[in-house]
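Naming convention: chains lettered A, B, ... in sequence-line order (proteins, then strands); numbering from 1 in each chain.
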Number of protein chains: 2
Amino acid sequence: MNITLRQLRAFIAVARSGSFTLAAESLFITQSALSGLIKELEQSLGVRLFDRSTRRIQLSDIGRGIYPLIDKILADLDGVLDEVANLKALKKGVVRVAAPQLMACTLLPEVIAAYRAEHPQVDIRLIDCAVESVTSRVFSGEVDFGLGPERDPNSDIDATPLFELPFHAVFPPGHALTARETVRWADLVDHPLITLQGQFTERLSVDLHTAMREGDLDPATTVTFMSTALSMVAAGLGVTICIPYAASLVRLYRLDMRPLVEPVVTRRFYVFSRNGRSLSPAAQSFREALFGYVAREGAFTGHP
Amino acid sequence: MNITLRQLRAFIAVARSGSFTLAAESLFITQSALSGLIKELEQSLGVRLFDRSTRRIQLSDIGRGIYPLIDKILADLDGVLDEVANLKALKKGVVRVAAPQLMACTLLPEVIAAYRAEHPQVDIRLIDCAVESVTSRVFSGEVDFGLGPERDPNSDIDATPLFELPFHAVFPPGHALTARETVRWADLVDHPLITLQGQFTERLSVDLHTAMREGDLDPATTVTFMSTALSMVAAGLGVTICIPYAASLVRLYRLDMRPLVEPVVTRRFYVFSRNGRSLSPAAQSFREALFGYVAREGAFTGHP
DNA sequence: TCGACTTATCGGATAATCCGATGAATATCA
DNA sequence: TGATATTCATCGGATTATCCGATAAGTCGA
């Protein structure tokens, strides 16, 4: 007859609650089964662990002496078991991430590829969607976390800054702006401007109006997707404005980009997750990898 | 299905020996039972702990990671179990006993010496104190148990009779009372009486008054300690009365003692412990040794 | 004095564990 | 190359351990 973990857990539960009945409830067994466990443990050890009366129990001297020791041992063991569970979940987890279409086709494939090289059994599911729906998908639990530009504060959603980057002008090689190191917003008026529809551009207009007290974005054309805008720029139909996390796509279209100044207007991007909810080990791990990638790539401008 | 200690011990045995068959032998079970234990553990954890081939096994990465942690946990647990076994086997332990000063310098040193001869690893700590404070020290848990004369009944304190002995007269060799086999209380009035102060003597007076309906103790001198009274008797200043558990001290002073009769008045001594509380193995063992000593020595009058 | 509460014990039902035999895979040797 | 030895996994039946619900005994409070 050996000491069992069940007996030890029963001992700790009784010692903590001071009651066989309460301890049995906490372990989801009947009081009589718990009585048996403690009896077996006392018999195995050959000592009395509790002094019983019909109304209260007390740890014996020996019981009092070993309680902290057994408590620590069980805590250590549960720590190991938690660690194993984490490793298991990380090894075989699924991570669902929502991101706007532009991030989904630029930044994220690279991050996912790097992560998958190290964790081949973790399944990263990327859900590309409209900017406006990222946070609602996070909130509903459809995804583990989302990426996107600044949204209205929401107590249900935790927003952690991922990066902050300035707007850039995008144009074809040989364009009049190519010789410039930087491009002023005012210089854009000489060229047909192609912008994206929606809140993103509306907020940019507000920022420029505030900073310049005159002038405004006056797009010749508005389109839905950045890939459309870049195609039109490549066809010589105008210039567009873009944030450099999408530099890989700009390069794919063989276009040039320059920082926009006077004023320098930036946009901040965040990782959104549900407030008060922990991520699975795999999701947490991928999130960390994402932050690591951004920390290393910084301005997104310097490599192939 | 919970993790069990048997599974964990099996894991360590296999990891150490690198073989299911050898590990099974070391645990005194068949190889097939051991196979089942490891299988259950792997299923409970949801991870592979060993990579098997038909001729050799290897710890998996996870198995290698948790091996030292589980090894330490089992070592800690075995340390606690050894500790308990040592306490049980009286290979260690501390016993704290409270007794009045007179018992502390007569009866108890002999009992302790005899007990220590048999259990050299048990530490007996004797706390000599006033008669009145013995039970309060027991109640507070400062000591494991206490000795002393009858106290008022108290539901928190358990009192077990240790011995009951008659009062004796004590006088120097050559004294007028030496030729007597017994001494009557009435014979004491012819000699200056030296008594102890306090409740002990007050209760004796009540007992004598009840038994004799006349007369009373009329001490010429009262002192605090029996050793003082015995010194004065040895100096020829009178006689004193004493209970024969202190015979060793009487003999040290080279005094004689005789039973007091007409009436025979006795005093009962008890072992006091906390009601509803168990004693540690060492305290219980020493308590039993004490009762054994008293049973053997009976009247405390017959030996060097 | 009765009702409420607590721990211990009992008998029967159920679950877990073990053994010995066997199978599948691999390595070694003549 | 075939025979033999070795190892871990699986199986079915026997045995052991565990649990539940009912009940008993003791204590406390209204």
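With hydrogens and angles left out, the side-chain atoms of S60(B) and D51(B) include no donor and acceptor closer than 3.5 Å. When only modelled atom types and interatomic distance are considered, E164(B) and T266(B) share a side-chain donor-acceptor pair under 3.5 Å. When only modelled atom types and interatomic distance are considered, R287(A) and S273(A) share no side-chain donor-acceptor pair under 3.5 Å.
Closest to the side chain of A33(B), out of dT7(C), dC19(C), dT10(D), is dC19(C).
The phosphate of dC19(C) (OP1 or OP2) has a side-chain N or O of T30(B) nearer than 4.0 angstrom. Considering only side-chain N and O atoms, S35(B) lies under 4.0 angstrom from the phosphate OP1 or OP2 of dA9(D). Contact annotation: T21(B) side-chain N/O to dC8(D) OP1/OP2 distance is under 4.0 Å. Remark: K39(A) is not in phosphate contact with dT7(C), judged by side-chain N or O atoms under 4.0 Å from OP1 or OP2. Contact check, R52(B) against dA9(D): a side-chain N or O comes under 4.0 Å of OP1 or OP2.
Put simply, CZ on F20(A) is 15 Å from C1' on dG26(D), counting in whole angstrom units. In this structure, I57(B) places its CD1 atom 16 Å from C1' of dA25(C), rounding to the nearest Å. The distance between atom CD1 of I38(B) and atom C1' of dT10(D), rounded to the nearest whole Å, is 16 Å. Per the geometry, CD belonging to E42(A) stands 8 Å off P belonging to dA8(C), to the nearest Å. Summarising the geometry, the separation between CD1 on I29(A) and P on dA17(D) is reported as 18 Å, rounded to the nearest angstrom. Put simply, CD on Q31(B) is 17 Å from P on dT17(C), counting in whole angstrom units. What separates CZ of R56(B) from C1' of dT26(C) is a distance of 13 Å, to the nearest Å. Whole-Å rounding puts the L41(B) CG to dA9(D) P distance at 13 Å.
To the nearest 0.5 Å, the span separating CD1 on I70(A) from CG on L8(A) amounts to 5.0 Å.
In terms of heavy atoms, A283(A) sits closest to F145(A) at O-CE2, 3.7 Å.
Interface remark: the S32(B) side chain does form a donor-acceptor pair with the dG20(C) base, using a distance-only criterion of under 3.5 Å.
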